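Everything quoted here is computed from the prediction, not taken from an experiment.
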Amino acid sequence: MEPFTAALLVISRVTPQSAAEISKPKVYRRVLVVFLSSLIIVVALTLNLPNTAKAAEPSNTKATMEGRVQELIPDIEAYVVNGMKGFDIPGVAIGIVANDRLVYAKGFGVRSKSNRLPVDTRTIFQIGSNAKAFLAVTEAIMVDRGKLRWDDRVVDLYPEFQLKDPWVTREFRVFDLLAQRSGLPPLVNDILVMLDYKEAALIRSLRYVEPVSSFRTTFAYTNITHLLASRIVATAAGAPDWNVVLQKELLYPLNMKDSTYTAEAIEAAANHANGHRWTPEGTVEVPFTRIFPYSLAGTGDINSNVEDMARWVRMQLDNGSFDGRRIVSSENLAYTRMPKVALNDKLSYALGWYNYLTPNGNILWHDGDALSFGSFVGLVPDKNIGIIILTNETNVEAPNSLGLWIVDRILGNAKHDLVAENLKNAKATFEATAKRFAKPANPRPFPPLAPLTGNFVNSSLGKAVLTLEDDALVIEVQATGAKFKLVPWDGDIFMATLMATGQFGPIVDLDYMTKGFAQFQMDKDGKLNLLRLSTADGQAYEFRRE
C-alpha cells in the first residue's frame, strides 16, 4: 500500500464510534505513530527529496536502458548487415535514442550503387509516410491554439469535401482524417497521385468512390485523406500550404536544419541518398520524381536524416517538449497516440502511429514507403527508447524487419528472424504479381483496334482520348497528359502500362502502380462503349464513351 493511501485511510476511518477506542493510551500512541510516519513520507514524496525510493528509480532505468543498448550494438550491427545483404539494400542509417539523447547512430553501405559514396548519420533520405506523425502533431498544435477541435466536422472546414454516403460526409471529423477507418478502399485513388492530379482534384475524387466497409469499423490505409488534413491544418494556421506550418512549428523549433520537403531540396543536398527499386534479383537505382511523394504534403513529403529525426523522437519521448521548450501539449500529443481502429488483438492504428502490444512493452511505430526509399520509426514511451531506420530502397518490409527486431531485443521479447520472414513474403508477392501479368500461353483473338478509338470520360479522372498508335491503343488522360499504352493481352483484355512521357518518366522507372489491365465491355445497347481500367492495387475505373 502507498504511504499516502495509508495516511488517508487512518484519517478517514476515525468515526465517532471508534474515537473512544482510539483514545485509549496504547491504541492512541500506535495510531499517532502510523499517522505521523505516513505524513512525513507523504511530505518527502511531495518535495521529491533525493533519499526517497521513488526518486532513485528513473536513474536506474536510464542506466539499464542505455546499458542494454550498448550491450546489443554488436548483435544489432550484425543483424543490419545480414538484412542489407538479404534485401540488397544499398544504404542504411540507424539511430537509437534513450533518455533524451542519441546514444547510437551509424551509417551502413552506400548512398547509391552508382556513386558508392558512404552513408553517414547526416545522409538525407525520403521518410515517406513517417511524415504522417508530423502531420498529426501539427493538428494537435492547432487544437492547442484553439484553431481546430478534434471533433470539428470536416465539411465545415472544407465545404468541397464529399463522400458517396451523405451521412458519412456529414459525420466525418478532424480525428477521422488520419485514423485509417474511412470505409474507403485501401490506397483509394492513389493512381491519381501518380498521374499528377493536383490537391483539389484528388480530394474531389473521393466523392465518387464506393465504400468497401462501414465507417469507423475497419482499417484501410489511405493517403488522400491526409492530404485533406494537410490543407485543413494550413488553413487553420493561415498558411499557404502545410509545409509552411511544418517548417515553422516543427522543423525550426526542433533544429531539424537538414530536413526539407521537395525533390529539388534533396537533390541539392550534398550528402543525399539515391532511391532504388527492389526486385528479387537485386535493387535498381531510379531517379527522383517531383510527383511522389512531394505532391502529398503531410502524407509523406519530408526528407531527413538520422540526426534530425532523433530530435523529433526526443520531442515525442519528452511528451511534447524539446530542450525545455514546449512544442505541443502533452494532452493533445497523447491524443494522437490513442488507438482508433484495431487490425487484430495486438495491433491498432492511432493518428500517424501503429500501436503494438508486446509482452514487455507497448510500441508506437510507423513505416514509410516513398517508392524507392523506406523508413521506420519506433517509440517505447514508458522505456524512453526510440529507434530510427532510414533506407534507400523500396519498402518491402526491410525497415520494419530491422526496426522491430531491434526494439524486441531491447525489450527482451522473444526472438524472431523478421528479415528472413519478410524477405520470403516479399519474394512471394513479387512472384504472384509477375504471374498475374504473364502473357497467357494461348490468348484469345482480340477485336479490331480502330473501331475502339474515341473519346471517353470517367467521374474521377475526367476526359480521356483513345487513339491507335502502331499496333496498340493509347489512352491519354486530358487533365494531366498521362498516357497508358494498351497492348492486346487476351481477347478483349489489354495490358495497360503508363508511358514514360514528360514528368512521368521517373514514375515509370519506379515500376509501381504503373501497370494494370483494361477491358472493353458492352453497354446496355450491346456496344463496346465501356472501358474498365484496373490498376495494380485492385481499384477499377470505368470510362464511358462520349
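Summarising the local packing, CG of Asp471 is surrounded by 12 or fewer heavy atoms from other residues, nucleotides or ligands at distances under 6.0 Å. Environment of CG in Asn442: sparse, with no more than 12 heavy atoms of neighbouring residues, nucleotides or ligands closer than 6.0 Å. The number of heavy atoms from other shown groups lying within 6.0 Å of NZ (Lys164) is above 12.
Remark: the backbone N or O of Asn413 is not paired with any side-chain donor or acceptor of Asp408 at under 3.5 angstrom. In this structure a side-chain-to-backbone donor-acceptor pair under 3.5 Å is present from Asn458 to Leu461. Asn303 places no side-chain N or O within 3.5 Å of a backbone atom of Ile124 that could act as its donor or acceptor partner. Using a distance-only test at 3.5 Å, with no hydrogens or angles considered, a donor-acceptor pair links the side chain of Ser375 to the main chain of Ile127.
Taking the six-membered ring where tryptophan is involved, the planes of Phe219 and Tyr349 are tilted, since the angle between them lies from 30° to 60°.
In this model, a donor atom of one side chain and an acceptor atom of the other lie less than 3.5 Å apart for Gln180 and Thr222. Side-chain contact annotation: Thr123 with Asn305, donor-acceptor N/O pair under 3.5 Å absent. Of the N and O atoms on the side chains of Asn422 and Asn400, not one donor lies less than 3.5 Å from an acceptor on the other residue.
Using a 4.0 Å cut-off between charged side-chain N and carboxylate O, Lys113 and Asp88 make a salt bridge. Ion pairing between a basic and an acidic side chain is recognised when a charged N comes within 4.0 Å of a carboxylate O; Arg173 and Glu171 show such pairing.
Considering Arg170, Arg153, Lys340, Arg216 in turn, Arg216 is the only one that fulfils the salt bridge (charged side-chain N to carboxylate O under 4.0 Å, His left out) rule with Asp176.
Taking each heavy atom of Lys427 and Trp278 in turn, the nearest pair found is N-CH2, 3.9 Å.
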Worksheet item: Between Phe494 and Phe446, does a ring-ring contact (aromatic ring centres under 6.0 Å, His included) hold up when you go through it step by step?
Response: CA-CA 9 Å; Phe494 292 72; Phe446 52 88; 7.1 Å; no
